[in-house]
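Because only heavy atoms are used, hydrogens play no part in the values below, and waters and symmetry mates are left out as well, while side chains stay in. Order of the sequence lines fixes the chain letters, A, B, ..., with proteins taken first and strands second; residue numbering starts at 1 for each chain.
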Amino acid sequence: MTASLSNDAIARLLERHGRLLVVAGESAFRARAFERAAESVRLYPEPLARLAERGELTSIPGVGEGIAYAISQILATGAFPAHEELTRRIPESVVELTAIPGVGAKTALKLYSTLGIDSLDALESALEAGEIARTMALSARMAETVRAGLAAIRRRTGRTPLGAARPVAEAFLAAFSRARPQDRIALAGSARRWEVTIGDLDFVIASDDIDDTVAALAEIPMLEGQARSGAGEVTGQLPGGIRADITITSPAAWGSALARATGSAAHLERLGGIPDGLASEEAVYVTFGLPWIPPELRAGGQEFARWREIPELVTIDAINGEFHAHTTWSDGGASIVDMARAAASRGYTLLGITDHSQSLGVAGGLNSERLAAQRLEIDAADMTAGVKLLAGAEVEVHRDGTLDYDDETLAALDVVVASLHTGLRQPREELMARLERVLRNPHVDIIAHPSGRLIERREGGDFDWDRAFAIAAETGTALEINADPARLDLDPTLAERASAAGCLITVNCDAHSTSGFAVMEYGVAMARKAWLKPEQILNCWPRERILEWLAARGRSSS
DNA sequence: GCCGTTTTCGGCCCGACTGTTTTCAGTCG
């Protein structure tokens, strides 16, 4: 039994197998089964080795007889037969190719079987040599798609999205606190500053006995490959392959150590060196004649000129409702009533129910008949738990800028959120013409996730933002900061520009379940990085004022 | 491969868009 194999390591292997099954052209359902099982295993609280000993692997959701056998093989040998057989046919690295937009499983397999291309590097070489275009199996057009896709991937930072890193950080904080309740631990670095992507995770621990703390760290299973790099420095690897840098300090020097480890480099440089031996961050800032600066604002710029405004910035308590949420009517996991109750428990007084429109078939989009039926249920549930429900929709924007419902249907809705989910690779002219048409559509109240980016996975559209913001300010259309950690869109820099241009901002979770509202902390952090105040954010307004705003836009909500 | 008040087989992941096409395969959301 390989006791050292972590749940994360097992999950990674199952996930790689799932992805390889897709490329191999196996059943998409079988591939998904492996990916689902991997997700389930990664989050499983108990080491799988112990479950395997008890013969309880199939108690994990998504793990049946087949995958339980694979896991037992992985635990015993570090691999499993089906995976070894598959990798003999197709190298694992071929999966890399499918990261290129426009290259799916079939094309990746074709590239491998006809040209032996088994990685992005090999693909780039073949492209340089002109092999792609010369090969009869692949057209010149394909070569161009590949070239553009490779360039987009090379532009990626290779950093970890915040939404992947923070849950890992929180799990580690909890695990350490259980092991060493007498020590104090905090997250530091870019994750504490709510940067959209992070390079590694930094932690600071205050301890009266550094050696004891180091020994306790060695006992935490989720921190692998630990090394002591200095008297009070420990490094290691956390789930997802994220590097952890841990600084251990005395309680008396906690403030100095935390401020240093939090950064940013530009912020520290502007401060001009953190004094040693201060017990709190407040004490650190006092020496510079400053109040405590919240981590998300430590960018090395405006915080030194605008610190007096900090108490006025938006906080999570100022959020009074949301305009973008899904239910089981389309691709959500909770009913209208359950979503309303979850909203109420967050102190909201208003919630827009905005399921997908008809052309987004994969998400179970509603045609106008089902939309009308849904309104009956929304109206019946209105004021459930004291929350005003708006019968809205997240409406697809077609490639020509027209919307997915006719004017009559749109006019009957309480709120219309418009989204571009497809055709984001259109050239700037087309994309802008399309966006302008949406912004000038009198039925549209809010533009959801305006750029369409998926962090580290897909770049946003090539919009002319200054022009877009000017039009949005003119039409009064609100622009969303989507709090989903996979999106964080608008980005804080764009949100700040939009607000400066006079645009109204709204921060929404795009919740697909009752737990989906938890990501609001990300959205608020982004809004704070953009130096936004509640007045500038539509869903911080009192309910009556929001309803007046909607009414003034021709909305019928009562 | 997993799952189940739809329960041991058959559904799960549908439909639009694009161009690798010219009657349909591949990709994407």
Side-chain angles (χ1 to χ4, degrees), chain A residues 14-15 17-41 57-71 73 80-83 86 97-111 113-115 132-149 152 326 330-331 355-367 370 394-400 402 404 419-427 430 434 448-449 451-454 457-461 482 484 486-487 489 510 512:
Chain A
L14 293 175
E15 187 180 29
H17 186 68
R19 291 195 185 159
L20 199 53
L21 283 173
V22 177
V23 172
E26 300 281 338
S27 154
F29 301 116
R30 187 140 68 103
R32 288 253 314 214
F34 274 94
E35 287 173 18
R36 254 202 301 264
E39 206 47 54
S40 197
V41 163
L57 285 171
T58 53
S59 69
I60 303 168
V63 175
E65 293 299 326
I67 293 180
Y69 173 72
I71 292 172
Q73 289 295 301
F80 62 102
H83 188 65
L86 189 55
L97 304 179
T98 61
I100 298 170
V103 176
K106 296 294 162 64
T107 307
L109 192 57
K110 191 192 269 178
L111 286 166
S113 57
T114 60
L115 294 169
I132 305 285
R134 264 204 306 276
T135 306
M136 291 307 289
L138 299 156
S139 73
R141 186 77 185 79
M142 189 68 221
E144 203 36 60
T145 299
V146 168
R147 190 187 307 279
H326 298 271
S330 66
D331 61 349
D355 276 304
H356 291 286
S357 64
Q358 50 200 1
S359 78
L360 206 63
V362 63
L366 277 59
N367 60 25
R370 288 188 65 221
E394 180 181 10
V395 186
E396 287 303 297
V397 174
H398 299 154
R399 278 156 197 271
D400 60 0
T402 57
D404 205 24
S419 284
L420 284 72
H421 283 116
T422 57
L424 286 163
R425 282 185 281 157
Q426 284 177 324
E430 285 174 39
R434 189 174 168 201
H449 41 71
S451 86
R453 78 164 171 187
L454 294 173
R457 275 196 291 147
R458 184 180 76 199
E459 294 179 339
N482 189 292
D484 180 343
R487 295 186 178 274
D489 177 13
D510 196 353
H512 282 71

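- Residue contacts shown for Ile100(A) are limited to sugar-phosphate atoms, with no base heavy atom under 4.0 Å away.
- The two residues Arg399(A) and Thr422(A) make their nearest non-hydrogen contact at NH2-CB, 4.0 Å.
- The two residues Val395(A) and Asp404(A) have their closest heavy-atom pair at CG1-N, 3.5 Å.
- Between dT6(B) and dC12(B), the distance separating the two P atoms is 14 Å to the nearest Å.
- Listed pair Thr107(A) / dT27(B) meets the phosphate criterion, a side-chain N or O lying under 4.0 Å from OP1 or OP2.
- The side-chain heavy atoms of Leu109(A) and Lys106(A), taken from C-beta on, include no pair separated by under 4.5 Å.
- Residues Ser357(A) and Glu396(A) bring no donor and acceptor atom of their side chains to less than 3.5 Å of each other.
- When the C1' atom is compared between dC2(B) and dT21(B), the two are found 37 Å apart, to the nearest whole Å.
- When Watson-Crick and G-U wobble pairs are counted only if both distances are under 3.5 Å, dG10(B) pairs with dC3(B).
- Asp331(A) places its CG atom 13 Å from the C1' atom of dC13(B), with the value rounded to the nearest Å.
- Across the protein-nucleic acid pair, Arg457(A) atom CZ and dT27(B) atom C1' stand 15 Å apart, rounded to whole Å.
- Between dG29(B) and dT22(B), the distance separating the two C1' atoms is 26 Å to the nearest Å.
- Going from the C1' atom of dT23(B) to that of dC17(B) covers 16 Å, rounded to whole Å.
- A heavy-atom distance below 4.5 Å is found between the side chains of His356(A) and His421(A).
- The distance from atom NE2 of His449(A) to atom C1' of dG29(B) is 11 Å, rounded to the nearest whole Å.
- Atom CG of Asp404(A) is separated from atom P of dG15(B) by 14 Å (rounded to the nearest Å).
- Between the side chains of Asp510(A) and Asn482(A), at least one donor-acceptor pair of N or O atoms lies under 3.5 Å.
- Remark: the separation of the C1' atoms in dC14(B) and dT8(B) is 27 Å, to the nearest Å.
- One atom, CG of Asp400(A), and another, C1' of dA16(B), lie 14 Å apart when rounded to the nearest Å.
- Comparing dT27(B), dG1(B), dC13(B) against the side chain of Ala28(A) picks out dC13(B) as the nearest.
- Look at CZ on Arg30(A): it is 4 Å from P on dG1(B), rounded to the nearest Å.
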Could I get a table of every N or O pair under 3.5 Å where one atom is in the protein and the other is in nucleotides 2-4 of chain B?
from: dC2(B); atom 1: OP1; to: Gly64(A); atom 2: N; distance (Å): 2.5
from: dC2(B); atom 1: OP1; to: Gly64(A); atom 2: O; distance (Å): 3.3
from: dC2(B); atom 1: OP1; to: Ile67(A); atom 2: N; distance (Å): 3.1
from: dC2(B); atom 1: OP2; to: Gly66(A); atom 2: N; distance (Å): 3.3
from: dC3(B); atom 1: OP1; to: Gly62(A); atom 2: N; distance (Å): 2.7

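- Going from the C1' atom of dC28(B) to that of dT20(B) covers 15 Å, rounded to whole Å.
- At the phosphate of dA16(B), neither OP1 nor OP2 sits under 4.0 Å from any side-chain N or O atom of Arg399(A).
- The residue Arg458(A) sits close only to the backbone: its heavy atoms come under 4.0 Å of sugar-phosphate atoms, none of a base.
- Using a 4.0 Å heavy-atom cutoff across all strands shown, Ala105(A) reaches sugar-phosphate atoms only and no base atom.
- To the nearest 0.5 Å, the span separating CG on Leu454(A) from CD on Glu459(A) amounts to 11.5 Å.
- Spacing between dC9(B) and dC24(B) at atom C1', rounded to whole Å, works out to 31 Å.
- Salt bridge status for Glu15(A) with Arg19(A): present, with a side-chain N to carboxylate O gap under 4.0 Å.
- Of the C1' atoms belonging to dC13(B) and dG26(B), the separation is 15 Å, rounded to the nearest Å.
- Summarising the geometry, the separation between NZ on Lys106(A) and P on dC28(B) is reported as 13 Å, rounded to the nearest angstrom.
- Spacing between atom CG of Leu420(A) and atom P of dG29(B) amounts to 13 Å, rounded to whole angstrom units.
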